[in-house]
Number of protein chains: 2
Amino acid sequence: MDQNKIPQATAKRLPLYYRFLNSLNHQGKKRVSSNELSEAVKVDSATIRRDFSYFGALGKKGYGYNVEYLLGFFRKTLDQDELTEVALIGVGNLGTAFLHYNFLKNNNTKIVMAFDADPEKTGTDIGGVPIYHIDDLEERMGNVRVAILTVPSDEAQNITNRLADYGIAGILNFTPARITVPSGIRVHHIDLSIELQALVYFLKHYPLDG
Amino acid sequence: MDQNKIPQATAKRLPLYYRFLNSLNHQGKKRVSSNELSEAVKVDSATIRRDFSYFGALGKKGYGYNVEYLLGFFRKTLDQDELTEVALIGVGNLGTAFLHYNFLKNNNTKIVMAFDADPEKTGTDIGGVPIYHIDDLEERMGNVRVAILTVPSDEAQNITNRLADYGIAGILNFTPARITVPSGIRVHHIDLSIELQALVYFLKHYPLDG
DNA sequence: ATGATATTGTGAAAGGCATCACGACTTTAG
DNA sequence: CTAAAGTCGTGATGCCTTTCACAATATCAT
Ligand SMILES: NC(=O)c1ccc[n+]([C@@H]2O[C@H](COP(=O)([O-])OP(=O)(O)OC[C@H]3O[C@@H](n4cnc5c(N)ncnc54)[C@H](O)[C@@H]3O)[C@@H](O)[C@H]2O)c1
Ligand SMILES: NC(=O)c1ccc[n+]([C@@H]2O[C@H](COP(=O)([O-])OP(=O)(O)OC[C@H]3O[C@@H](n4cnc5c(N)ncnc54)[C@H](O)[C@@H]3O)[C@@H](O)[C@H]2O)c1
């Protein structure tokens, strides 16, 4: 994999850069400097230059970066022309919100199906995304290799095991459960309760702008 | 502030430890080792011991940690007996989900009021949390110093300015907008689109278990 | 053309964090 | 009481990331 040398921290910032470049492009802006970018995305300009430099010399000294060129470059790098299909498991409060949003605006990702255990929900659709019964998971998944997990936390490991058996590649886990997966499956945790508690903790213990 | 020496990475894990210790305590478990903790929360055991060591010697060699003692310690450290009131701005897809959930389960935080610009939503309540009109923000906020921001991204800076003028201390920002605040205000970004894109990027470019 | 100005790309330094590895100490079993 | 097993706390190490700071290079105005 040729991009293996790119630091993970850099990789996480790429979609952010892409989004802002896109917006600049729509505004008809032709050039941009690392300093302008820095103010907009709140990342130190040296970090931005370093990030870009992993991909080679994308800018011109004394000029900055050509928006269109940079955008095209990132489009390829981020596979923006390739659509990744995603399944959502658990159409509750959070799952419903995600289905309505569906990450279409600036993304190469799309939720194409959802699952729930509640017969009141299955058989319907939200924003065009069909909701199937969880019993039909294996039968319906097709080629989908990425899942968003928004089930109650006691169900999380259960569902995870089924996803793992099915051959899932990545899970975005919104439940507080710290799920166990066979190696080779990537899990990203987004634990919203912890995010809120961490904010509160930092407010109390790391005052001012530390 | 006496806990200023605690690394931020450690601070972010504290709520996770607390939650699991709480659950152990409910199960009646009296002792726990860094290795058991490690398996449950998926953090290296050395990291756990190091994290705990910032607070002094909390364990006993050859024995492990006393669950009740540790829990009591973290309860104080995390101010679990103190309730932090939070306001939510923007009762849409995401905001509604948060209001239903309300972070009550294991938390010292509570959403006590919400704001929206849509007259259809104001005047009602969700899960007991009243929804006020955004025009009444300053009038209603009272002592609330933490806000969750779930408005459309074009409104984000606007609302942020008002919150800043009012004297907000911290903002949990779910909009993709990179908001600007006066120094002294803490903003945590949770950019769900980016999280999903990052997962997909890692799947494609950082294969297997790297 | 030329000098003033702008901005990149990057070596080097610093910071922050995770992990190893082991001595010290406690418990447990016999 | 003694030996074996278990576990912590932490010095040392190395990795990853950010940031500084500046030479190199390009643009721009005249
Ligand atoms: N809503 C929030 O704001 C919020 C915040 C933080 C964390 N979370 C976490 O996100 C997860 C979902 O939260 P929520 O508020 O949407 O919960 P919810 O109860 O509203 O939704 C859960 C959904 O999962 C479905 N479900 C239950 N068992 C299932 C199974 N075996 N297979 C498929 N579907 C099943 C339920 O029918 C329900 O529709 C929970 O783990 C929660 O702790 C939610
Ligand atoms: N829903 C998701 O899954 C999701 C995912 C990623 C990011 N986001 C981001 O989260 C934010 C909210 O998303 P959503 O799907 O809930 O949007 P939404 O449109 O459903 O909700 C926005 C709410 O804000 C209200 N609002 C508009 N202007 C306001 C103002 N000036 N003051 C107060 N309230 C105002 C609207 O009336 C609406 O109720 C957006 O910025 C979106 O980009 C949402």
Side-chain angles (χ1 to χ4, degrees), chain A residues 3-14 16-17 21 24 29-71 73-74 178 189 198 201-202 205-206 209-210, chain B residues 3-14 16-17 21 24 29-71 73-74 178 189 198 201-202 205-206 209-210:
Chain A
Q3 264 135 356
N4 241 344
K5 318 107 163 281
I6 292 161
Q8 304 213 358
T10 297
K12 285 193 194 158
R13 284 187 290 265
L14 296 182
L16 184 60
Y17 297 145
L21 287 170
L24 281 184
K29 212 147 181 304
K30 292 296 176 213
R31 58 182 271 194
V32 66
S33 71
S34 59
N35 259 298
E36 286 174 87
L37 271 169
S38 173
E39 281 184 32
V41 300
K42 314 286 185 209
V43 172
D44 186 275
S45 68
T47 300
I48 292 179
R49 292 198 299 281
R50 173 85 55 196
D51 283 346
F52 289 1
S53 78
Y54 292 115
F55 300 98
L58 301 176
K60 270 198 235 173
K61 301 185 179 190
Y63 175 89
Y65 301 89
N66 179 300
V67 172
E68 208 167 324
Y69 175 76
L70 203 54
L71 188 63
F73 184 85
F74 279 122
R178 251 48 191 178
H189 289 274
Y201 182 85
F202 279 118
H205 298 279
Y206 295 66
D209 40 277
Chain B
Q3 265 136 355
N4 240 344
K5 318 107 163 279
I6 293 162
Q8 303 213 358
T10 297
K12 285 193 195 158
R13 284 187 290 265
L14 297 182
L16 184 60
Y17 298 145
L21 287 171
L24 282 184
K29 211 145 181 306
K30 292 296 177 210
R31 58 181 272 192
V32 66
S33 71
S34 59
N35 260 297
E36 285 174 87
L37 272 168
S38 173
E39 280 184 33
V41 300
K42 315 284 185 211
V43 173
D44 186 276
S45 69
T47 300
I48 292 179
R49 292 199 299 281
R50 173 83 59 198
D51 283 348
F52 288 1
S53 78
Y54 291 116
F55 300 99
L58 302 177
K60 269 198 237 176
K61 301 183 179 190
Y63 175 88
Y65 300 90
N66 178 301
V67 172
E68 208 169 325
Y69 174 77
L70 203 54
L71 188 62
F73 184 86
F74 279 122
R178 251 46 190 180
H189 290 274
Y201 183 84
F202 280 117
H205 298 280
Y206 296 67
D209 40 278

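Here is how names work: the chains are called A, B, and so on, in the same order as the sequence lines, proteins then strands, and each is numbered from 1. From a predicted model like this one, the values you see are computed outputs, not experimental measurements.
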Bounds of contact between DNA chain D and chain B, in 5' to 3' order, using a heavy-atom cut-off under 4.0 Å: D/dG6 to D/dA12
Show, in sequence, the C-alpha distance, side-chain angles and deciding distance for B/L16 and A/R178, and conclude whether the side chain to side chain contact (heavy atoms under 4.5 Å, CB included) test is met. CA-CA 10 Å; B/L16 184 60; A/R178 251 48 191 178; 3.6 Å; yes
C/dG15 P sits how many Å from B/K5 NZ, rounded? 17 Å
So, do A/Y65 and A/I48 sit near enough that their side-chain heavy atoms are less than 4.5 Å apart? no
Where at least one partner belongs to residues 32-53 of chain A, residue pairs that pass salt bridge (Lys or Arg N to Asp or Glu O under 4.0 Å), sequence neighbours excluded: A/R13-A/D51, A/K29-A/E36
Between A/F55 and A/L14, is a side chain to side chain contact (heavy atoms under 4.5 Å, CB included) present by the stated rule, with each step listed? CA-CA 11 Å; A/F55 300 98; A/L14 296 182; 3.7 Å; yes
Specify whether A/Y201 and A/Y206 have parallel, tilted or perpendicular ring planes, treating 30° as the upper limit for parallel and 60° as the lower limit for perpendicular. tilted
For nucleotides 1-10 of chain C, just jot down a letter per nucleotide in 5' to 3' order: B, S or -, based on protein non-hydrogen atoms under 4.0 Å. -----BBBBB
Roughly how far apart are B/L37 CG and B/L24 CG, rounded to 0.5 Å? 6.5 Å
A/F74 and A/Y17 aromatic ring geometry - parallel, tilted or perpendicular at 30°/60° bounds: tilted
How many angstroms lie between OH in A/Y69 and NZ in A/K60, if you round to the nearest 0.5 Å? 11.0 Å
